[in-house]
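Here's the structure, in structure tokens; my notes come after.
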Protein chains: 2
Amino acid sequence: MLLPDAVERLSALAHGHRLAVFRLLVCAGAEGMPAGEIAREIGLRPNTLSSHLTILSHAGLINSRRESRSIIYSASYDGMSDLLGFLVEDCCAGRPEICAPLADVAQSCCDPQ
Amino acid sequence: MLLPDAVERLSALAHGHRLAVFRLLVCAGAEGMPAGEIAREIGLRPNTLSSHLTILSHAGLINSRRESRSIIYSASYDGMSDLLGFLVEDCCAGRPEICAPLADVAQSCCDPQ
DNA sequence: TCGATAGTTCTACTATCGTTGAAATATCGA
DNA sequence: TCGATATTTCAACGATAGTAGAACTATCGA
């Protein structure tokens, strides 16, 4: 992942509504949520939400599929992983200060016991 | 970490020059780098860089200390860890799709063998 | 086919961001 | 103390982002 792509992804997440949308979709899992439900949940007009969804989608952070009249959005785990990977990429020169706590977070999060 | 703080941190990183500065400082480690050297490395005027450093600093992503005439900036590992923790916080509901790859990244990065 | 539902696209307006040039502040060496 | 070095602060400008209203497109049920 190149720096400009990382900037695009970070920019997409660097907005209160968009970050809220993304987190909602992460919680929703692979099945995702229709745009209308997201709009109701976050409290956004359909057109405003649509522009945010376009931004997140173009940044590679969410995916979409049509299902009858609804368009279902879901978080892109690959997109997020790439970004996180890029962000910890530089801590390697013998400095685990960033990625060690990160590994803890990841582990405690996925492996509660 | 609350959503508005995460947005502030993401916004700080969501800029080509600032992300480059931050990565440079992560590479520089705890000893950090003086502002002038950063400016030369990235190719920014001193006042432009200064405004970016203020933004990164206010977001809690870098620290600074004066050393004679220079001001030395260094990456805040805690600030970065908090942000990364916030970003993976939501993948917990039985869905390791995001944080499992992240754990891999963190591990392979800090533990090359 | 027609009306209703679900989303998107387009246009315009306001607000904020990024950069610059100039001036100010802090520290050091002579 | 004075000039030089290192960096920040201030004011102003152009560019970009976020939101809203209106119109458009796609799909479904009767």
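No hydrogens, no waters, no symmetry mates; every other heavy atom, side chains included, goes into these values. Convention: sequence-line order gives letters A, B, ...; per-chain numbering from 1.
Going from atom CG of A:Leu19 over to atom P of D:dG18 covers 13 Å, rounded to whole Å. Put simply, CD1 on B:Ile71 is 9 Å from P on C:dT27, counting in whole angstrom units. Counting to the nearest Å, the C1' atom of C:dA26 and the CZ atom of B:Arg65 are 18 Å from each other. The distance between atom NE2 of A:His58 and atom P of C:dT9, rounded to the nearest whole Å, is 12 Å. Look at NE2 on B:His17: it is 11 Å from P on C:dG18, rounded to the nearest Å.
B:Arg66 contributes no side-chain N or O that, together with a main-chain N or O of B:Ile71, makes up a donor-acceptor pair within less than 3.5 Å. At least one donor-acceptor pair under 3.5 Å links the side chain of B:Arg18 to the backbone N or O of B:Ser11.
Between B:Arg69 and B:Thr54, the residue anchored nearer the 5' end of DNA chain D, judged by the nucleotide with its closest heavy atom, is B:Arg69. The nearest heavy atom of DNA chain D to B:Thr48 and to A:Arg45 marks one nucleotide each, and the one closer to the 5' end goes with B:Thr48.
Backbone-only contact: A:Arg18 has heavy atoms under 4.0 Å from sugar-phosphate atoms and none from a base. As judged by a 4.0 angstrom heavy-atom cut-off over every strand, A:Ser68 is placed among residues touching the sugar-phosphate backbone only. If you check every strand for non-hydrogen atoms under 4.0 Å, A:Ser70 touches sugar and phosphate atoms only.
For the pair A:Leu25 and A:Val21, the minimum side-chain heavy-atom distance is below 4.5 Å. For the pair B:Tyr73/B:Asn63, no side-chain contact is recorded, criterion being any heavy-atom separation below 4.5 Å from C-beta on.
Proximity note for B:Asn47 (side chain, C-beta onward) versus D:dT7, D:dT19, C:dT20: the nearest is C:dT20. Out of C:dT19, D:dT7, C:dT8, the shortest distance to the side chain of A:Ser50 is found at C:dT8.
At the phosphate of C:dT8, OP1 or OP2 sits under 4.0 Å from a side-chain N or O atom of A:Tyr73. Residue A:His52 places none of its side-chain N or O atoms closer than 4.0 Å to OP1 or OP2 of D:dA17.
Remark: A:Arg9 fails to qualify as a cation-pi partner of A:Phe86 under the 6.0 Å distance and 45° angle criteria applied to the six-membered ring.
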